[in-house]
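These notes are about the structure you will find just below.
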Amino acid sequence: MLQTPTRHLHFIDNEPTAAENGESIPVVDPSDGTVFAQIARGSAHDIERAVGAARRAFDGAWGRQTALERGRVLQRWSDLIEAQREELAVLEARDTGKPITQARADATALARYLEFYGGAADKFHGETLPYQSGYTVLTIREPHGVTGHIIPWNYPMQIFGRSVGAALAVGNACVVKPAEDACLSLLRAAELAVEAGLPAGALNIVTGFGPEAGAALSAHPGIDHISFTGSPLTGKLVAQAAAVHHCPVTLELGGKSPQIVFADADLDAALPVLTNAIIQNCGQTCSAGSRVLIERSLYGALLERLAERFGALRAGPAMADLELGPLISDKQRTRVRDFLAKAESGGIRTVAQGSIVGEAPSQGFYLPATLLADVPTDHLVAQEEVFGPVLAAIPFDDEDEAVRIANGTPYGLVAGIWTRDGGRQLRMARRVRAGQVFVNNYGAGGGVELPFGGFKHSGYGREKGFEALYGFTALKTIAIRHG
Ligand code: ADP
Ligand code: MG
C-alpha cells in the first residue's frame, strides 16, 4: 500500500510553521530508498522569523526565568523524551537507517543531556576576584543571547541534546538548523519541549538545505554564537560567514582517530571495542576509531582476529537491528566507495569484508564493513575521514613511531591507547594530540559528562560536560569601588 508522505513544518515560536516559499524536501528512508515524509525547505525568510522569535523570547519570558526554572524545564523535557523514547528511536531509525538499538541509545542520550544540563543550570556561577583595596570585583557568566546550532545527520538527537541543552541551561534562546537528511526526531522532541513548559521562541527549528537555511543562519547578524558540527569544508564556510558579524563559533569537524594497540594489551577486552568504534552508526561518526595502529610483534595475530570479526559483520535494515544499517544516502555510499576504489588502485590489501543480508532491500544504501591492512600512512584512507565502515590497520615499531603516526593527520579528535603498562599509558595520553584520550577503552565521543572537541582541523571549542557552559556564555566583570 502506498502511503502519503507525512508533511513536516518548521518549529517557530512553539508552533508548526510553513516555509514562506511553500516548498518541501523529500525525506528518504535509507533502509529501502523510499520517500516517507516531506520537510519544509527553509530560506533566509524563515531564518529571519526564527531569529526574531528567539530574540523576543530572550528579551522576554525566557530571559526572565531564573536558573532554577530553566533547569526544571529541561528536566521535565528530559522525562518526556525518556517516556517517548521508543517513538523517537523508531523515527530516528527510519530517518537515518541506524539500527534501532543504536537509535534507542541516542534517544536516551538526548534525555541524559537535558537531565545533566537541567541539573547544572543553577550550579554555574561567576567568581569574586582579588583587586585593589576598597574594591569588590565579581564576574557574571551571561548568555550570549540568540545562539545558532547547525546539526549534522549522523547523530541528530545526541548533537542537538548536547548543544541546545547547554545553551538553554544558561539562558540562551536557540535557532536550530538540522541536516536535510535527518531532522524528524528533533521536530518531535521540540513538541515535547512545549509540553515541558519551554516558553515560545526559546527553541526554534528551521529545516532545509545547508547552502540555503544553514548559510542564512550563519550569516544572520542577529545570531550571537554559532555551534557547528559537520565537515571541515562546511565548518570553514560557517566560520567565515559568522566572522563578518564578529560572531563566535564552536566547530566540531570530525577526525581520523587512532586506536593504538601495544603488544601487552588485553586483546579480549580490546577486540570488541576496536570493532565497535568503527562500525557504530556504520562508521558515520566524527569520533570513529578509523585507524588501528598495531605494535609490529602483535600485528599478524591481531589482524587475524580482527578479520574474523569483520567477516561476521552483517549490514541490514534499521529495524533488523544488525551490526550495521545502511549509510545515510546514496551520495554518502558513493563517497565511501570512491575511497575503497582508491585503496584498491593504491594496492592496499582488503583483509576481510562483512556481508549484506539477503533481506536488505536492493534500493537501500548498504555497504559491507571492510578491513584494510598495511595502509601507507600517507594514503588517503589513512589521512582523510571516510565516514563509512572502513578500518585502516597500520603497524608501528615503538612509542615514538606510534605517536608520529597517530599525530600525522590533519585531525585530532579522539585517540585510544591499549596497554597494561601504566607509565606508557600516561606518556602516550600526554603525547597524542586529541581532545579526548581513552586508555583501555574507547568511548566514541564518551559520556555526556566528558568535554569533547578537537585539536587542529577537528575544530575548536568544547561541547559536552560542564565545560560547554563556558562556551555558551560570555564573562562580564563588575568592579565596585566602595572605599
Ligand atoms: P554533509 O556534506 O555530510 O551533509 P555538512 O558538513 O555539509 O556535511 O553538513 C552539516 C550541516 O551543515 C548540515 O545541517 C548541513 O545542512 C549544513 N550545511 C551545509 N552547507 C552549509 C553552508 N554552506 N552553510 C551553513 N550550513 C551548511
Ligand atoms: Mg533521512
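As the structure lists them, so they are numbered: ligands from 1, and atoms in each ligand from 1. Worth knowing before you read on, the calculation uses all heavy atoms, side chains too, and leaves out hydrogens, waters and symmetry mates.
- Looking only at atom types and distance, the side chain of Tyr155 has no donor-acceptor partner in the side chain of Glu92 under 3.5 Å away.
- Ranking protein heavy atoms by distance to atom 2 (O) of ligand 1, first place goes to Lys331 NZ, 4.1 Å.
- Here the shortest heavy-atom distance to atom 7 (O) of ligand 1, taken over Thr234, Ile159, Leu233, belongs to Thr234.
- Scanning all protein heavy atoms for the shortest distance to atom 18 (N) of ligand 1 gives Gly210 CA, 3.3 Å.
- Within the 4.0 Å heavy-atom criterion, both parts of Ser231, backbone and side chain, lie near ligand 1.
- Of all the heavy atoms of Trp153, the ones lying under 4.0 Å from any atom of ligand 1 belong exclusively to the side chain.
- A donor atom on one side chain and an acceptor atom on the other are found under 3.5 Å apart for Thr101 and Asp321.
- Residue Leu324 holds its CG atom at 8.0 Å from CD of Gln102, rounded to the nearest 0.5 Å.
- Contact annotation for Pro178 and ligand 1: only backbone heavy atoms (N, CA, C, O) come within less than 4.0 Å of the ligand.
- Contacts with ligand 1 closer than 4.0 Å are made by no heavy atom of Asp181, backbone or side chain.
- Scanning all protein heavy atoms for the shortest distance to atom 24 (N) of ligand 1 gives Ala215 N, 3.4 Å.
- Ranking protein heavy atoms by distance to atom 25 (C) of ligand 1, first place goes to Gly214 C, 3.1 Å.
- Nearest protein heavy-atom neighbour of atom 10 (C) of ligand 1: Thr229 O, 3.9 Å.
- When only modelled atom types and interatomic distance are considered, Thr409 and Gln383 share no side-chain donor-acceptor pair under 3.5 Å.
- Residues Ser163 and Ser227 bring a donor and an acceptor atom of their side chains to less than 3.5 Å of each other.
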